[in-house]
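The structure appears below as structure tokens.
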There are 2 protein chains.
Amino acid sequence: MARTRRSVTIIDVAKAAGVGVSTVSRVINNKGYVSEETHQRVSEVIDDLGYAQNLAARSMRSQQTNLIGLIMPDVTDPFCIELMRGVSRAIIELDYDLIIYTNGDIRRNDSNTRMQQYVSILNSSVADGVIIVIPLADDFPPVSPVVSIDLNINHPSGPAVIATNYQGVREAIDHLFELGHRRIGYIGGRMELMSGVQRQKAFEDAFKEAGLPLDDRLMLPGEFTFSAGYQRGLELLSLDEPPTAIFASNDQAAKGVYQAASELGFRIPDDLSVVGFDNIPEAAYMGLTTVDQHVEQMGYMGTKMLYRLIQEDDPEEDIYQIETTLVVRGSCQPFDH
Amino acid sequence: MARTRRSVTIIDVAKAAGVGVSTVSRVINNKGYVSEETHQRVSEVIDDLGYAQNLAARSMRSQQTNLIGLIMPDVTDPFCIELMRGVSRAIIELDYDLIIYTNGDIRRNDSNTRMQQYVSILNSSVADGVIIVIPLADDFPPVSPVVSIDLNINHPSGPAVIATNYQGVREAIDHLFELGHRRIGYIGGRMELMSGVQRQKAFEDAFKEAGLPLDDRLMLPGEFTFSAGYQRGLELLSLDEPPTAIFASNDQAAKGVYQAASELGFRIPDDLSVVGFDNIPEAAYMGLTTVDQHVEQMGYMGTKMLYRLIQEDDPEEDIYQIETTLVVRGSCQPFDH
DNA sequence: CTGTTAGCGCCTTCAT
DNA sequence: ATGAAGGCGCTAACAG
């Protein structure tokens with residue numbers, strides 16, 4: 001980097017205005033006593049010189065930054081976008097600013113570096129608090145308050161927002177049962193995450209309690225991605241006796257199933273019923289029956305929780321549960337034996 | 001903020017490991033010579049203490065942060081999301097990280113504070129370079145390299161990525177002409193932005209060159225928002241002689257027009273043809289004929305440009321133009337007089 | 001190979 | 001009402 005231009009600092013302003021740095025600081029932050037006249041002069045110089053605070057330096061000194069950090073694996077993912085929406089809404093209400101930190105893609109999984117980075121952000125005083133989506137990090141002593149969205153199964157500590165995954169999947173599977181489906185494929189999610197585990201357990205329990213046998217070949221591990229859904233969808237639909245319905249552990253994966261079905265000549269819902277999870281905006285257009293986990297709300301509540309943490313350092317509730325809702329659309333049809 | 005917990009610093013690590021701070025620094029950043037043995041010991045201490053770099057301090061000292069900043073008015077807007085997608089893709093390729101900075105909502109328009117904040121970010125060494133979407137800021141001496149997406153009409157300086165707005169709108173209007181439409185409503189965009197100005201000029205020129213009269217009542221100022229589209233849509237369709245087609249200056253506004261049309265009993269495309277601009281993903285589902293300005297690509301190219309700027313401080317091309325493409329879908333129908 | 005030291009730009013006492 | 005001076009945590013010379 002060749003750039004050597006140096007920005008104008010508080011010292012430059014002080015010199016130009018013929019005052020001390022602390023006076024300039026007072027003017028900038030509007031605290032402490034400054035004579036009207038001095039204030040005026042300093043303000044002018046600031047304008048003239050085009051001075052602007054250096055955030056890094058500022059946050060290093062002072063406690064409060066009025067910034068809330070959002071750490072996400074992938075800004076491209078609809079879940080994350082929806083969540084951002086909620087965070088954004090809360091941010092506006094709270095008059096905070098938002099810094100979203102991401103390494104661009106969940107797949108770039110050089111975990112060690114990642115984790116290190118995450119922790120750095122927490123540690124830095126660049127944000128007053130942080131929301132972590134899909135927490136992968138080990139446990140560590142966070143300096144800033146942290147709220148996580150979803151939970152890591154291995155380190156379930158700390159305040160979090162999470163949907164009633166279990167209940168949601170139960171409803172979804174019961175819905176399929178009612179429609180007469182018995183051979184139901186399951187495409188799993190990340191098993192390090194509470195959501196992945198809970199959804200799978202719900203699926204298994206639904207069968208157990210209904211006294212129905214679970215077919216191992218119909219339960220595939222997966223991920224919360226389109227391509228996982230696609231791959232697993234292909235596998236399921238290529239079985240000698242393919243399932244009549246597939247539950248995908250999120251809508252992205254469900255989209256993948258759509259793709260797989262289309263390629264293999266299965267029509268939805270005629271030949272195959274599909275249920276997803278999340279209710280991303282696209283689901284409405286797809287006519288996908290899915291479990292709404294009110295992602296926007298998760299982001300909103302998470303941010304509010306974080307705010308309380310920042311203010312009082314005292315989490316009222318550790319884990320905030322968001323009630324899921326089954327949204328029935330056109331992707332499922334009765335199955336007649 | 002009551003929190004006084006102090007994080008473990010590089011000094012703590014140095015002490016605990018019985019080495020100097022610079023050695024620790026070398027280990028962390030993997031540069032300079034450190035004996036295998038020392039490296040080992042320091043690494044262990046780092047793990048034990050749960051040390052993590054303080055980003056603020058780091059970026060204050062060093063030139064490079066490997067962070068690219070993206071300043072957006074509104075993370076919620078489909079345009080911005082699409083753009084983010086492209087930036088994100090480039091980020092991954094370049095092995096940078098991404099910090100997205102936003103004040104949550106374009107409507108929170110306390111411009112002065114905003115601008116000040118923007119400049120602060122630029123000034124701070126928190127990011128190696130910055131991409132500004134919809135630049136509102138005055139001209140100022142930026143310390144970090146900046147690439148803007150779209151251009152402020154008042155300060156059109158600096159490298160930027162912008163679509164061929166003029167050409168795009170011309171094509172769109174010509175399309176409507178060919179379908180037989182003559183009474184075409186126009187809902188404008190932000191006129192501080194190059195895109196807003198260019199699109200409007202193209203609309204006017206299309207009529208002029210076709211030798212058709214422009215009806216003032218059919219040309220409404222607007223914004224790039226749903227509600228603007230909705231309001232203006234209502235106005236246009238409530239005219240004694242409503243237009244047979246409406247060009248909305250972006251897809252969000254077009255969505256608003258859909259809403260207005262639906263409320264007033266206009267069917268699209270039977271009673272009203274609609275064209276948008278942007279080609280946001282939703283447009284496909286809506287069946288909206290629109291001008292694709294390849295927003296993802298804009299983000300991608302912008303980031304690449306920025307990268308070059310960071311590396312060489314020498315912008316090869318100042319303004320990168322993205323070719324628009326007319327995407328014909330079902331929202332337009334021939335109009336027979 | 002490793003330690004010491006001087007700032008980076010700012011805010012905050014503490015004097016004046 | 002204002003100025004001087006001491007760090008915040010870190011990296012980058014410069015010495016050993």
Side-chain angles (χ1 to χ4, degrees), chain A residues 1 3-42 46 49 51-66 116 119-126 143-144, chain B residues 1 3-42 46 49-66 119-126 143-144:
Chain A
M1 214 153 31
R3 117 184 102 85
T4 45
R5 270 173 303 178
R6 282 258 299 293
S7 58
V8 0
T9 77
I10 200 173
I11 298 181
D12 301 326
V13 176
K15 277 191 192 140
V19 299
V21 284
S22 41
T23 303
V24 179
S25 176
R26 285 186 198 102
V27 171
I28 295 164
N29 300 299
N30 239 320
K31 60 169 67 165
Y33 298 110
V34 178
S35 77
E36 187 49 50
E37 186 197 5
T38 312
H39 188 101
Q40 185 61 28
R41 185 155 35 101
V42 172
I46 288 179
L49 267 47
Y51 165 77
Q53 275 182 307
N54 179 315
L55 248 45
R58 181 188 200 288
S59 49
M60 212 168 82
R61 279 298 301 169
S62 61
Q63 295 300 335
Q64 190 129 4
T65 61
N66 250 47
Q116 185 59 28
V119 181
S120 284
I121 305 216
L122 300 177
N123 233 346
S124 308
S125 38
V126 325
V143 174
S144 326
Chain B
M1 213 151 33
R3 111 186 107 85
T4 45
R5 271 173 303 176
R6 283 259 301 293
S7 58
V8 0
T9 78
I10 200 172
I11 298 182
D12 300 326
V13 175
K15 277 190 191 139
V19 299
V21 284
S22 45
T23 304
V24 179
S25 176
R26 285 187 198 101
V27 171
I28 296 164
N29 300 298
N30 240 321
K31 61 168 69 164
Y33 299 110
V34 178
S35 78
E36 187 49 50
E37 186 196 6
T38 312
H39 188 101
Q40 184 63 27
R41 186 153 35 100
V42 172
I46 287 179
L49 268 47
Y51 165 78
Q53 276 182 308
N54 179 315
L55 248 44
R58 180 187 201 287
S59 45
M60 213 168 84
R61 277 301 300 170
S62 61
Q63 296 300 335
Q64 191 130 1
T65 61
N66 249 47
V119 182
S120 283
I121 305 212
L122 300 177
N123 233 346
S124 309
S125 39
V126 325
V143 175
S144 326

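Values below: every heavy atom of this structure, side chains too, minus hydrogens, waters and symmetry copies. So that the names make sense, note that chain A is the first sequence line, chain B the second, and so on, each numbered from 1.
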Check your understanding: Picking from dG9(C), dG3(D), dT2(C), which would you name as closest to the side chain of Asn54(A)?
Key ->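 In terms of side-chain proximity for Asn54(A), the closest of dG9(C), dG3(D), dT2(C) is dG9(C).
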Point to revise | Nearest to side-chain heavy atoms of Thr23(B), which nucleotide of dT2(D), dT2(C), dG9(D) | key: dT2(C)
Whole-Å gap separating [atom2] ([N]) and [atom1] ([X]):
X	N	atom1	atom2	result
Lys31(A)	dT2(D)	NZ	C1'	17 Å
Arg26(A)	dC11(C)	CZ	C1'	10 Å
Ile46(B)	dG9(D)	CD1	C1'	14 Å
Arg41(B)	dG3(C)	CZ	C1'	13 Å
Ile28(A)	dT12(C)	CD1	P	12 Å
Gln53(A)	dC8(D)	CD	C1'	15 Å
Glu36(A)	dA1(D)	CD	P	11 Å
Ile11(B)	dA6(C)	CD1	P	14 Å

Review point. Between the two ends of the helix from dC1(C)-dG16(D) to dT16(C)-dA1(D), what is the bend in degrees, rounded to 10 degrees, where each end axis spans five pairs?
Key: 40°
Review point. Hey, is the main chain of Val21(A) close enough, under 3.5 Å, to the side chain of Ser25(A) for a donor-acceptor pair?
Key: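 The answer is no, because no donor-acceptor pair under 3.5 Å joins these two groups.
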Point to revise | Donor-acceptor pair under 3.5 Å, Arg61(A) side chain vs dG9(D) base | key: no
Review point. So does Ser22(B) reach the base of dT4(C) with its side chain, donor to acceptor, closer than 3.5 Å?
Key: yes
For a quick test of reading the model, state the closest non-hydrogen atom pair linking [X] to [Y] and the distance between them.
X	Y	answer
Ile10(B)	Tyr51(B)	N-CE1, 3.5 Å
Ser59(B)	Ala56(A)	OG-CB, 3.9 Å
Leu49(A)	Ala16(A)	CD2-CB, 4.1 Å

**Study point:** Chi angles and distances behind the side-chain contact (heavy atoms from CB on, under 4.5 Å) call for Asn29(B), Arg58(B)
**Key:** CA-CA 11 Å; Asn29(B) 300 298; Arg58(B) 180 187 201 287; 3.7 Å; yes
Point to revise | Position toward the 5' end of DNA chain C (nearest nucleotide), His39(B) or Ser25(A) | key: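 Final value for this comparison: His39(B).
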Review point. On DNA chain C, nearest-nucleotide positions of Val19(B) versus Asn29(A): which is more 5'?
Key: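 Taking each residue's closest nucleotide, the earlier one in sequence belongs to Val19(B).
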Exercise for review: Kindly say if Arg58(B) contacts the phosphate of dG9(D), meaning a side-chain N or O under 4.0 Å from OP1 or OP2.
Suggested key: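 No, Arg58(B) has no side-chain N/O under 4.0 Å of OP1/OP2 on dG9(D).
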Review point. When you check the phosphate oxygens OP1 and OP2 of dG3(D), does a side-chain N or O of Tyr33(A) lie under 4.0 Å from one of them?
Key: no
**Study point:** Side-chain touch Asp12(B)/Thr9(B), heavy atoms, less than 4.5 angstrom
**Key:** yes
Point to revise | First of Gly20(A) and Met60(B) reached from the 5' end of DNA chain D, by closest nucleotide | key: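 Looking at the nearest nucleotide for each, Gly20(A) comes out on the 5' side.
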Exercise for review: Name the nucleic acid region contacted by Val21(B), choosing base, sugar-phosphate or nothing; use a 4.0 angstrom heavy-atom cut-off, strictly under.
Suggested key: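 The residue Val21(B) makes base contact.
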Review point. Which part of the nucleic acid, if any, lies within contact of Ser35(B), taking any heavy atom under 4.0 Å across all strands shown: a base, the sugar-phosphate backbone alone, or nothing?
Key: sugar-phosphate
Can you give the donor-acceptor pairs under 3.5 Å from side chains of residues 31-41 of chain B to other protein atoms, not counting sequence neighbours?
unit_1, atom_1, unit_2, atom_2, d
Ser35(B), OG, Thr38(B), N, 3.1
Ser35(B), OG, Thr38(B), OG1, 2.6
Gln40(B), NE2, Glu44(B), OE2, 3.3
Arg41(B), NH1, Ala17(B), O, 2.5

